[in-house]
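The structure displayed is predicted, hence computed values, not measured ones. Basis for what follows: all heavy atoms, side chains included, without hydrogens, waters or symmetry-related copies.
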Amino acid sequence: MSMDRGQREGDEVLLMGNEAIARGALEAGVQVAAGYPGTPSSEIIETLSRFAETGKLYVEWSTNEKVAMETAAAASFAGLRSLCVMKQNGVNVASDFLLHLAGSGTRAGMILITCDDPGALSSVNEGESRHFARLMEIPLLEPADFQEAKEMTRWAFTLSEEIRNIVMVRSVTRMSHASGNVILGALPPAVRKAEFLCDGAVSDPERGPVISAPVIEKHRLQQEKIRKAAAIFEKSPFNAYSGPERPELLIITSSACRLYSLEAVSLLDAEDRVGILKLGTTWPLPPALLKRVLSTTEKILIVEEVLPFLEEQVKILAAEQVREIGVKTFYGKNDGALPMAGELNPDLAMAAVGRILGIDPPVLSSAYRKKLRAFAGLAPRREQTFCPGCPHRASYWSIREALQRDGRGGFVCGDIGCYAMASLFPAAGFYTAKTLHAMGSGTGLASGFGKLGSFGMDQPIIAVCGDSTFYHAAIPALINAVHQNANIIFIALDNNGTAMTGFQSHPGIDINAMGDASPVVDIAALCGAIGAKVVVGDPFALQETRETLNRLMEGQQGVKVLILKQSCALSPEKKGTKRYLMQVDDALCRGDACGCNRLCTRIFRCPGLLWNREKKKAQIDEVICAGCGVCAGICPAEAIRCEEAAKS
Amino acid sequence: MTNLALRKDPYNIVITGVGGQGNVMASRVLATMLVRRGFRVTIGETFGMSQRGGSVMSHIRVSSAAVWSPQIPKGRADLLVALEPVEAIRVLADYGNPSVKSLVNMRPIYPVGVITGEADYPAPETIRKAVAALSETACFLDATAEAIRLGNPIWGNIIMIGAVARLGVLPVNRELFAAVIREGMPASRVEANLRAFAIGEAAVA
Ligand code: SF4
Ligand code: SF4
């Protein structure tokens with residue numbers, strides 16, 4: 001059901017936005033692709049890795065976004081077309097290199113693909129990568145449908161070679177994870193050979209060293225490139241106006257918001273009153289085009305996600321040209337016509353257009369609305385939780401027990417991955433994690449908390465960190481904690497893969513993105529080498545884990561590392577298999593009657609354990625239970641039995 | 001392939017369920033069939049943290065002319081396919097209207113709050129009543145039970161697609177399904193999928 005090698009030029013197929021982007025890169029002859037997994041961007045590298053072939057296309061999951069960008073840049077310097085991919089906040093990580101790269105310029109076409117997540121559908125931020133284009137002074141492209149996602153990605157390489165700088169292509173969740181028709185183009189046969197020509201003078205863009213100095217000179221050159229891009233954008237087919245010659249209202253929009261705008265206008269039957277300028281090249285804006293279109297009307301609504309990025313640019317252009325184009329009224333984020341936080345949709349766009357034009361949006365009949373009210377609230381909330389058999393539930397259970405036993409008000413600094421749910425939902429991790437920020441920040445925060453003992457803080461401090469996150473950004477923070485002698489327990493929740501985003505490889509795994517065998521960087525050995533005390537345990541051994549933790553809390557000053565190793569319940573080796581067959585012994589289960597107050601279902605909350613209301617006893621749901629055996633260890637009455645399952 | 005007429009353009013389909021039920025697969029199969037028929041199709045998917053027990057929803061827009069937004073406007077679903085019963089109610093609350101047709105798999109997947117005894121899950125009769133009241137036509141299936149009989153609960157999603165074909169609101173049929181499945185799947189899984197599809201067809205009278 002997805003893109004594969006069997007498909008040919010001219011085929012019209014259903015592609016996910018991310019697959020369309022990958023296809024565009026393939027059609028451009030990309031030879032090196034690197035990224036770090038993050039929803040909604042991961043499918044781009046995954047798709048490319050299916051096309052990887054020694055000597056033709058190299059694909060890697062890098063340890064973090066900055067390294068991914070550096071890897072791709074090296075290829076560009078050596079004459080190969082390359083791309084790097086990341087989610088919105090990944091650009092923050094890569095930005096230091098990006099600043100210098102934008103200054104030094106590139107050689108073979110190089111593009112940065114960022115996938116933003118308006119509405120934070122699967123992020124803990126609503127950060128926007130578009131602003132980096134302006135900040136770093138590099139061109140920005142935003143596709144507005146699936147075919148365009150492919151064409152624009154392909155063309156971005158050409159643009160990059162024309163201006164000799166990196167070009168940014170920005171998608172959003174509703175493009176990347178949506179699918180639509182795409183007509184495929186040809187895949188180029190030619191393969192370039194890699195060679196870094198570096199025997200020329202500093203001023204030689206073909207053969208000189210690739211550096212961002214002399215800074216002022218290079219900066220001027222970079223700004224010249226941006227002016228050149230603006231000139232090219234004036235004629236770009238990715239910018240298009242549709243609507244009446246003199247519209248009552250002009251909508252300026254980009255990306256998925258263009259589809260919302262079209263729908264809004266259609267729902268209001270306002271096609272003869274509203275024009276839409278769809279922009280695909282969103283930085284720098286082509287001034288002449290804007291001037292032409294702005295001249296046609298007085299009222300302008302800017303529909304975009306999330307911050308008023310286009311809105312501000314358009315206002316600047318309008319102010320500069322006010323003598324020629326006249327005074328305008330702008331609607332958008334700043335005046336509250338559209339919300340400035342959260343994602344947009346056709347309804348929000350329709351409401352805004354309706355208010356401006358004085359059209360009442362169509363509504364459902366009052367009889368139907370009455371029925372809706374009658375049945376409102378019938379569906380119980382579906383809160384998110386760890387999977388049945390998830391090692392994190394067990395790890396957090398032991399952490400919670402150990403902290404309670406310790407009694408000094410200790411807490412966990414959380415980090416990014418499935419285990420972040422411990423700070424978000426009661427059914428996952430018992431709310432033990434009390435901070436949640438960027439990748440690796442749990443360890444950095446713990447390092448800081450761990451130095452507050454001299455100010456009277458005696459709460460035990462625990463940082464948790466998944467295996468992929470460990471390599472990404474936790475290592476410098478952990479080294480800092482060791483060097484500063486911060487008093488912390490660092491727990492690596494090692495579930496053998498990047499579980500959250502779909503098991504991409506990382507340095508702890510012995511195969512890489514291309515499926516080739518690769519050397520493993522061992523977490524325990526690395527922690528030992530930087531001088532931390534290391535204990536390795538199995539999170540499913542509840543009592544042992546709890547005891548280890550209490551011992552470490554009472555132990556001496558410094559960084560103590562506990563590595564809890566157990567594969568993710570959805571990992572390919574575990575999925576669909578049960579280690580134990582579980583059963584609740586009705587005779588032993590105390591139920592509501594006394595003592596435990598339904599500890600297993602009310603607090604532990606594994607979805608494999610049901611509360612049987614008739615019997616007033618706990619019960620295993622055999623379809624859902626993953627057979628990890630952990631709940632047997634939490635029942636104080638020993639009513640949950642586990643029996644080794646026969647190997648099939 | 002020929003582009004047969006749609007009852008409405010765009011025709012809006014919501015496929016809903018819970019993570020792990022094969023929602024995404026069902027929407028891809030149905031959409032691929034419609035692309036084969038020459039339509040322009042957009043699928044919008046909300047599956048952020050879905051593998052961890054959350055609701056999953058796919059919006060499919062089918063048109064003979066244009067690409068439509070990956071989000072259906074509120075109150076504008078034409079067809080609802082629910083792999084899980086309370087998800088049907090949740091979707092109708094947002095996208096229902098007097099002319100929506102609903103197909104509902106009646107096997108519940110209890111949310112954690114229900115499992116733990118804190119929240120109530122409505123009785124099957126209440127669900128049927130609500131869905132019927134909020135739909136032009138409503139059809140209730142035991143797709144999961146049928147799928148288990150076939151050998152794996154996951155085929156419930158294909159049973160539902162078979163039922164969609166039988167409803168007659170979209171130009172899709174068994175031949176088209178077979179062609180799409182044969183291309184997108186290993187040969188070993190084709191037979192079971194075709195059987196699941198046939199069960200779904202038979203379930204809609
Ligand atoms: S995907 Fe793996 S790590 Fe994530 S919640 Fe499920 S079992 Fe846990
Ligand atoms: S054995 Fe217990 S803890 Fe493990 S998945 Fe089954 S019900 Fe959940």
Side-chain angles (χ1 to χ4, degrees), chain A residues 1-2 6 12-14 16 39-40 121-122 145-147 173-175 177-181 256 259-260 262-263 267 345-347 350 363-365 367-368 371-372 374-376 378-387 418 421 427-428 500 570 598 601-602 605 607 609-611 613 621 623-624, chain B residues 18 25 27-29 31-32 35 39-49 51-55 66-76 86-90 92-93 96-98 109-122 126-127 129-130 133-134 153 180 183-185:
Chain A
M1 277 320 109
S2 58
E12 179 160 351
V13 293
L14 182 74
M16 194 191 251
T39 316
L121 301 170
S122 42
D145 68 36
F146 310 97
Q147 186 75 41
T173 304
R174 299 290 182 187
M175 283 299 309
H177 276 182
S179 309
N181 302 46
L259 294 172
Y260 306 154
L262 282 170
E263 185 122 30
L267 288 170
N345 57 41
D347 297 285
M350 175 173 68
V363 287
L364 291 164
S365 72
Y368 193 81
K371 282 195 241 173
L372 281 175
F375 294 110
L378 202 58
R381 236 169 51 81
R382 215 174 266 287
E383 83 188 79
Q384 288 173 347
T385 178
F386 295 130
C387 303
C418 285
M421 284 194 281
M500 177 98 193
L570 298 185
R598 298 196 276 118
T601 49
R602 194 176 54 87
R605 291 167 92 99
L609 274 167
L610 295 176
W611 180 247
R613 292 184 188 212
D621 181 330
V623 177
I624 295 181
Chain B
V18 176
M25 158 78 184
S27 61
R28 284 228 143 192
V29 171
T32 304
V35 169
F39 293 108
R40 312 212 76 178
V41 182
T42 306
I43 318 177
E45 261 145 353
T46 307
F47 59 83
M49 306 240 274
Q51 56 177 194
R52 282 143 294 257
S55 309
V67 180
W68 288 89
S69 140
Q71 298 193 69
I72 296 174
K74 297 279 148 56
R76 300 254 168 190
V86 297
E87 294 312 311
I89 295 180
R90 214 188 300 283
L92 286 169
N97 60 75
I109 295 183
Y110 297 119
V112 194
V114 172
I115 291 171
T116 59
E118 290 144 299
D120 288 316
Y121 194 95
T126 316
I127 295 174
K129 226 177 90 193
L134 296 172
V180 166
E183 253 173 51
M185 263 188 199

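Annotation: the span from B:S55 atom OG to A:E383 atom CD amounts to 11.5 Å, rounded to 0.5 Å. To the nearest 0.5 Å, atoms CZ (A:R605) and CD (B:E118) are separated by 4.5 Å.
When heavy atoms are compared at a cutoff of 4.5 Å, A:L364 approaches chain B solely by way of its side chain, counted from C-beta outward. When heavy atoms are compared at a cutoff of 4.5 Å, A:D347 approaches chain B solely by way of its side chain, counted from C-beta outward. Heavy atoms closer than 4.5 Å to chain B are found in the backbone of A:L609, but not in its side chain. When heavy atoms are compared at a cutoff of 4.5 Å, B:I127 does not approach chain A at all. If you measure heavy-atom distances from A:R613 to chain B, the contacts under 4.5 Å come from the side chain alone.
The two atoms that bring B:V41 and A:L14 nearest to each other are O-CD1, 4.3 Å, heavy atoms only. B:R28 approaches A:S179 most closely through the heavy-atom pair NH2-OG, 2.8 Å. Residues A:A178 and B:G44 approach most closely at CB-CA, 4.2 Å, considering heavy atoms.
Under the 3.5 Å distance criterion, the side-chain polar atoms of A:N181 are left unmatched by any main-chain donor or acceptor of B:V35. Of the possible polar contacts, none joining the A:R382 side chain to the B:V112 backbone as a donor-acceptor pair under 3.5 Å is found. The backbone N or O of B:L134 lies less than 3.5 Å from a partner atom in the side chain of A:Y368, making a donor-acceptor pair.
Of the listed residues (B:P98, B:A31, B:P70, B:S27), the greatest number of heavy-atom pairs within a distance under 4.5 Å of chain A belongs to B:P98. In terms of heavy-atom pairs under 4.5 angstrom with chain A, the leader among B:A119, B:A93, B:P111, B:P122 is B:P111. Between chain B and the options A:V363, A:L378, A:L262, A:D621, the largest number of non-hydrogen pairs under 4.5 Å is found for A:L378. Top candidate by heavy-atom pairs under 4.5 Å with chain A, chosen from B:G113, B:A88, B:G96, is B:G96. When B:V86, B:I115, B:I89 are compared by the number of non-hydrogen pairs under 4.5 Å with chain A, B:I115 comes out ahead.
Judged purely by distance below 3.5 Å, without hydrogens or angles, the side chains of B:T46 and A:R174 pair a donor atom with an acceptor atom.
Residues A:F146 and B:V67 form a side-chain contact, since some pair of their non-hydrogen atoms from C-beta on lies under 4.5 Å apart. Counting only heavy atoms from C-beta outward, the side chains of A:L267 and B:P73 approach each other to under 4.5 Å.
Between B:R76 and A:E263 there is no salt bridge, since none of the side-chain N atoms of the basic residue sits less than 4.0 Å from a carboxylate O of the acidic one.
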